[in-house]
Amino acid sequence: MLSRRGFLSGLGAASVSGTLGGRGVSASPEANDVYKDLGVRTFINAAGTYTALSASLMPPEVRQAMEDASRHYVSIPELQEAAGRRIASLLGAEAALVTSGCAAALTLATAAAVAGSSQEAILRIPDTTGLKNEVVIPKGHRFVYDHAIRNVGIRLVEAGSREELHASISGKTAMLFYLNNVANKSPITREELVEAGKKTGVPTLIDAAADLPPVSNLTTFLKMGFDLVAFSGGKGLRGPQCSGLLLGRKNLIQAAFLNDSPHSDTIGRLAKVGKEEIVGLTRAVELYLKRDHEADWKEWEERVAHIVSRLSDIDSVNAERFVPEIANEVPHAAITWDPKRIGLTRESFAKALREGEPRIEPRPSPPEEPRLEIGVWMMEPGEHRIVAERCVEILKRSRV
Ligand SMILES: *Cc1c(COP(=O)(O)O)cnc(C)c1O
């Protein structure tokens with residue numbers, strides 16, 4: 001366990017509390033005191049791994065690894081190389097790099113494809129004059145994080161079919177990009193993109209940030225032939241929130257690192273990872289591989305089943321289990337109700353959960369009415385019971 005003083009307590013709130021302050025479950029006393037000191041309310045995460053909701057909580061072993069890392073000086077290049085070697089050997093990758101998030105991994109991968117290891121080009125980007133500066137992306141794969149790719153000064157070229165993909169590749173193409181979480185509705189399959197990359201010698205990158213579990217995804221895309229694979233460290237892996245993982249070919253990973261902090265005059269310098277994140281993510285990967293994923297799944301099923309069964313008794317309310325088809329592929333609960341009988345909208349339901357005690361944050365789901373989604377996988381043990389009772393209470397008192 002984390003020592004009482006905790007590695008974050010330097011923020012100002014030295015913890016003295018020895019109790020859980022009435023919550024009974026959930027956040028450690030240290031964390032609660034840090035946030036209380038700032039007047040910020042913590043919540044039960046009934047959402048999932050959302051960056052703006054601070055994503056995931058690290059297991060005690062990861063917190064301990066970060067605490068240990070924070071106590072000594074090391075050479076960051078030496079640490080990055082050693083951590084990369086460890087992670088790569090665990091995952092059967094040629095090489096690996098710990099980044100400050102999946103978004104940073106996308107930028108560094110693109111920089112590696114555009115500037116490579118050329119010192120002149122590394123210093124010059126995002127000015128890509130005279131360099132390969134186009135990235136081909138299937139139609140429907142443009143997304144909020146493609147800014148991380150565009151940062152490198154490239155132009156995104158959209159391809160709507162396998163034929164268009166091949167026709168889009170030219171002497172200016174630096175990289176082919178694939179967003180895994182739209183694979184089920186993509187005009188181009190992962191295999192077709194990999195094939196096009198291999199045929200033309202253009203590196204391929206897949207963003208699989210939020211696609212753990214299943215644990216197999218840590219190796220699936222490399223086996224499929226992608227040259228680079230990017231994951232978030234702070235989502236399903238439960239590493240430090242500000243960590244990410246870039247896996248792939250040795251020459252590209254080496255180039256990504258040359259474009260990265262701690263090298264000062266690089267595009268990656270604004271995405272610094274510290275020794276704590278590097279060590280923390282390495283530990284998180286080791287732990288994730290050893291986890292009993294079946295037991296996790298069973299626990300999530302039980303949480304969802306409990307919520308569903310508590311809510312099914314209420315007149316005009318329906319609760320059911322669902323699993324998102326791709327990304328965050330774990331059991332969730334969806335609550336729907338008859339708005340003529342229960343005077344709630346998605347937003348007023350969420351607001352009531354948010355304003356209660358303890359505060360509860362539901363899944364920021366699409367604004368389908370009337371429907372509220374509950375993610376159980378980032379809850380601390382026992383919290384699903386609190387969430388179920390609060391939902392029952394809010395639904396019952398909103399009867400019209
Ligand atoms: C969350 C997410 C990212 C960004 O990951 P960070 O680790 O927060 O930088 C990128 N791509 C996708 C698909 C994501 O879901």
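As the structure lists them, so they are numbered: ligands from 1, and atoms in each ligand from 1.
- Separation of atoms CG (Asp207) and CG (Leu228) is listed at 12.0 Å; rounding is to 0.5 Å.
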Worked verdict on Thr128 versus Asn133 for side-chain hydrogen bond (donor to acceptor under 3.5 Å, both in side chains): CA-CA 6 Å; Thr128 57; Asn133 58 6; 3.2 Å; yes
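- In this structure, the separation between NE2 on His306 and CG on Leu311 is 8.5 Å, given to the nearest 0.5 Å.
- The side-chain heavy atoms of Ile76 and Glu78, taken from C-beta on, include no pair separated by under 4.5 Å.
- Closer than 4.0 angstrom to ligand 1 by heavy atom are Thr51, Gly101, Cys102, Ala103, Phe143, Tyr145, Leu179, Asn181, Asp207, Ala209, Ala210, Ser232, Lys235, sorted by chain and number.
- For Phe177 and Phe143, the distance between ring centers is under 6.0 angstrom.
- Taking a 4.5 Å side-chain heavy-atom cut-off between Ile, Leu, Val, Met, Phe, Trp and Tyr, the cluster of Leu258 extends to Ile122.
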